[in-house]
Amino acid sequence: MSAAADPVGPPVGRFAPSPTGPLHAGSLVAALASWLDVRARGPRARWLVRIEDADTERCLPGMGAHILAQLAACGLVPDLPPLWQTQRHARYQQTLDGLIAAGLAYPCACSRKDIDEALAQRGVTHQRHGERVYPGTCRCGLRGRAARAWRFATEAFSTSADRPLQWHDRRLGEQRQDVAAEVGDFVLKRADGPWAYQLAVVVDDADQGVTDVVRGEDLADNTARQILLQRAFGFEQPRYLHTPLVRGEDGHKLSKQNGAASIDTATPAAALAALKAAAGVLGLPPTDAADIGSALAGWVPRWRDLYNPPP
Ligand code: GLU
C-alpha cells in the first residue's frame with residue numbers, strides 16, 4: 001500500500017502536454033482521461049491545462065496555442081487559464097535554491113562520456129532506458145571543473161522508507177522502485193539550459209493544487225522520482241492513474257518523437273471521431289452520440305463505473 005494519505009482540498013486534475021508537436025491519438029487519451037476523471041467528481045472539481053514548455057530546446061513555436069485549440073475543438077476546455085512553464089523560472093530557481101541550502105542538490109560537471117568511463121572502471125555495464133545510474137562522481141565537489149548540471153542527492157535523501165519507494169496506481173496497482181539504486185542522483189537542471197521535467201512537474205503540480213495526476217503509462221516510471229522530490233519539498237502526494245498507451249502499426253507507442261500523426265480536429269465530426277477512438281482505448285463503451293457535448297456527458301458516468309474516482 002502507498003503510505004500517502006489522500007490529498008485534501010477540492011479535486012484538481014490536469015493535462016500537461018509538451019508543445020513539441022500537435023496532439024496525437026495517444027495524447028488525446030491522456031487529455032480525455034484526465035478531463036473525465038475531474039468531471040466525474042462533481043462541480044467542485046477543476047480541470048487544468050499546463051503547457052510544459054520548460055524544455056525550450058524541444059518546443060515548437062506556436063505549438064502550445066495550437067494544442068489548446070485542438071483541445072477546445074474536442075470540447076476539453078480548462079477551468080482556469082493555462083499555466084506556461086516558461087513563466088515559472090523564478091519559482092523553479094527558488095525551489096532548487098531550497099534544495100541546495102538543505103544539501104539535497106549539488107552541481108555536477110560530468111559529461112555522458114565521463115559517466116560512462118567512471119562506470120566502466122567499476123565494471124558497471126547495465127543501462128536503464130539508455131541511461132546509466134549516475135556514479136556519484138561530483139557528490140563531494142567539482143574538483144575545479146565547471147558545473148554542467150544540478151543533481152538531486154537521491155542517495156543522501158532516501159531513507160529506508162524510500163528503498164524501495166512504494167506507490168499506488170489506480171489502474172496498474174502497487175508499484176515500487178528503488179530510485180537510488182535504479183536511477184541514482186537525477187538531473188534537476190542543466191547548468192546553462194532548461195529545467196528538468198522532474199523538478200518542474202513536481203513544483204507545478206503542488207502549486208496548482210493538483211490532487212490527481214492522470215497521464216500516459218509511459219510516464220509511470222518517473223513517478224517514484226517525483227514522489228521523492230515531493231517528500232524532499234514537503235509537498236502533498238497526489239493520486240496517480242496511468243492510462244493505456246496507443247500503439248502504432250509497428251507496435252511502438254505513438255509519440256511525437258516517432259512522428260505520430262496529429263489528430264484531425266478540422267470539423268466537429270472529425271474531432272468526435274478522434275474522441276471516440278480515445279474513449280475506446282480507455283475501455284469506455286461505444287457511443288452513438290452525434291455531438292461532442294453529449295458524447296462527453298455520456299462517458300462521465302461510465303468513467304465512474306470503470307475507474308472508481310474517489311469523492
Ligand atoms: N509533458 C509531459 C508529456 O507531454 C507529460 C507530463 C505529465 O503529465 O506529468 O509527455
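Just so you know, ligand 1 is whichever comes first in the structure, and atom 1 is the first atom listed for that ligand.
- Of all the listed residues (Glu52, Arg14, Gln85), Glu52 holds the heavy atom that lies closest to atom 1 (N) of ligand 1.
- Contacts between Tyr197 and ligand 1 below 4.0 angstrom, taking non-hydrogen atoms only, involve the side chain exclusively.
- At a heavy-atom cutoff of 4.0 Å, ligand 1 is contacted by the side chain of Leu219 but not by its backbone.
- Near Arg215, the atoms of ligand 1 lying under 4.0 angstrom from a non-hydrogen atom of the residue are 7 (C), 8 (O), 9 (O).
- Applying the side chain to side chain contact (heavy atoms under 4.5 Å, CB included) criterion to Leu241, with sequence neighbours excluded, gives Asp169, Arg170, Arg171, Val214, Trp303, Tyr307.
- The distance from ligand 1 to the heavy atoms of Val201 drops below 4.0 Å at these ligand atoms: 9 (O).
- Residues that satisfy the salt bridge (charged side-chain N to carboxylate O under 4.0 Å, His left out) test with Arg215, not counting sequence neighbours, are absent from this structure.
- Between Arg50 and Asp205 a salt bridge is recorded (basic side-chain N to carboxylate O distance below 4.0 Å).
- A distance of 5.0 Å separates CD of Gln208 from CG of Leu48, quoted to the nearest 0.5 Å.
- Among Arg143, Arg148, Arg145, the single residue meeting the salt bridge (Lys or Arg N to Asp or Glu O under 4.0 Å) criterion with Asp114 is Arg145.
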